[in-house]
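The basis for the numbers below is simple: all heavy atoms, side chains too, and nothing from hydrogens, waters or symmetry mates. As the structure lists them, so they are numbered: ligands from 1, and atoms in each ligand from 1. All values derive from a computational prediction rather than experimental measurement.
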Amino acid sequence: MQYFPSHWQGFQQQTSLEGKLLALSEQLQRVCPAVDRFSIALHDEKTDLLSTFFSTSESDEAITRHQIRLHEVPSLKQIELAGTSRVINDLACLKQQDSFHSQTLLKQGWRSSYTIPMRYSDCFLGFLFFNSKQANVFMGESFSQLELLAQLITMAVYEEHKQAKTLRAAVQSALSLSCGRDAETGQHLERMGYYSRIVAHQVADRHGYGDQFVDKVFQFAPVHDLGKIAIPDYILLKPGKLTDEEYELMKSHTLKGAEMLTDILEHHGLASDRSSQILRNIVLFHHEMLDGSGYPCGLIGEDIPLEARIVAVADIFDALTSKRPYKKAWSNPQAIDTLHTMAQDGKLCVECVDALDAQLSEVEVIQALYRESNI
Ligand SMILES: [Fe+2]
Ligand SMILES: [Fe+2]
């Protein structure tokens with residue numbers, strides 16, 4: 001067990017990552033009052049996207065819900081490659097540089113920064129930024145306290161990351177038993193995660209959710225059809241139209257998925273946290289329609305959790321743009337038109353459809369990365 005001074009250990013009593021990070025932010029105020037905030041940006045290895053994840057400062061609007069590809073920020077890329085932190089004791093010296101991050105920091109009145117690549121157990125997680133409104137803060141004795149704080153923050157983020165990964169892996173290993181049983185391939189699952197993130201990223205703010213919500217939707221959208229494991233082959237693989245009775249059984253994949261999930265979550269002692277709730281809402285409600293015509297509960301409008309409305313849009317979009325034995329893959333504009341019609345008819349969430357439509361260039365990047373081999 002790693003040793004930390006006793007007054008640092010309060011954060012360990014917190015169960016949520018947010019609670020831990022806020023407790024660590026209080027410690028920051030105590031030991032280094034000149035440091036006004038810390039923030040975290042997480043990196044996704046597959047897409048190279050760096051996304052804001054957490055900030056202790058509420059005045060950070062311009063750099064929350066921000067995404068950029070790491071290779072487009074040479075100074076951060078260099079920090080990642082070198083694996084060493086960077087101190088800038090006077091950001092005014094960067095005035096000539098046009099990097100979005102530096103310019104935003106300057107505009108918001110920050111004067112000095114300490115940037116740390118977050119690495120844990122061979123895993124590059126992203127970056128941790130400490131900032132101050134005063135120049136020349138990151139030097140001297142308080143600096144070693146900050147290094148300790150950085151370790152604790154990295155550890156907390158890694159733990160959360162590992163937990164979400166364990167949860168997803170547990171669900172996915174169950175899913176892999178059924179992989180290839182129906183038309184929904186592994187590529188579909190990957191695309192689902194990214195499409196859902198594109199939508200979540202744009203709509204989260206309006207619903208009072210932050211970057212962590214966006215990350216959870218991204219992590220959990222791919223396991224929406226967990227319950228299909230419980231659907232027999234003669235229904236799942238039936239080439240023709242399902243009978244009414246078979247369709248009723250097929251629809252039960254939502255309820256069966258939620259039941260299986262309850263078992264998995266209880267097994268991991270995670271049944272009641274917010275991540276589990278988002279995962280459960282996705283599995284249970286991704287076929288609900290806003291006009292109440294969906295299943296399994298016939299929920300109406302905003303009674304359908306936002307995460308489920310997002311995943312519904314991503315799922316239908318991917319089904320339309322994918323090849324099936326009975327149809328060709330539709331073009332993106334055709335599929336988006338259909339989603340808009342479904343939104344006008346009161347079935348899909350208008351803002352989620354608009355959000356996907358607004359980012360079709362990002363959608364194309366994902367389609368190129370996760371192309372089906374047979375289309
Ligand atoms: Fe489904
Ligand atoms: Fe699906």
According to the interplanar angle, ranging from 0 to 90°, do the rings of Tyr295 and His253 count as parallel (below 30°), tilted (30 to 60°) or perpendicular (above 60°)?
-> perpendicular

Salt-bridge test for Glu362 and Arg69: reply yes if a basic N is under 4.0 Å from a carboxylate O, no otherwise.
-> yes

Restricting to N, O or S atoms of His286, which is nearest to the Fe ion (ligand 1)?
-> NE2

Answer yes or no for His224: is there an N/O/S atom below the 2.8 Å cut-off from the Fe ion (ligand 1)?
-> no

Check: Phe129 ring centroid to Tyr114 ring centroid under 6.0 Å = no

So which of the N, O or S atoms of Asp315 lies nearest the Fe ion (ligand 2)?
-> OD1

Is it true that His188 and His224 have ring centroids separated by less than 6.0 Å?
-> yes

Which angle, to 10 degrees, forms at the Fe ion (ligand 1) with OD1 of Asp225 on one side and NE2 of His253 on the other?
-> 90°

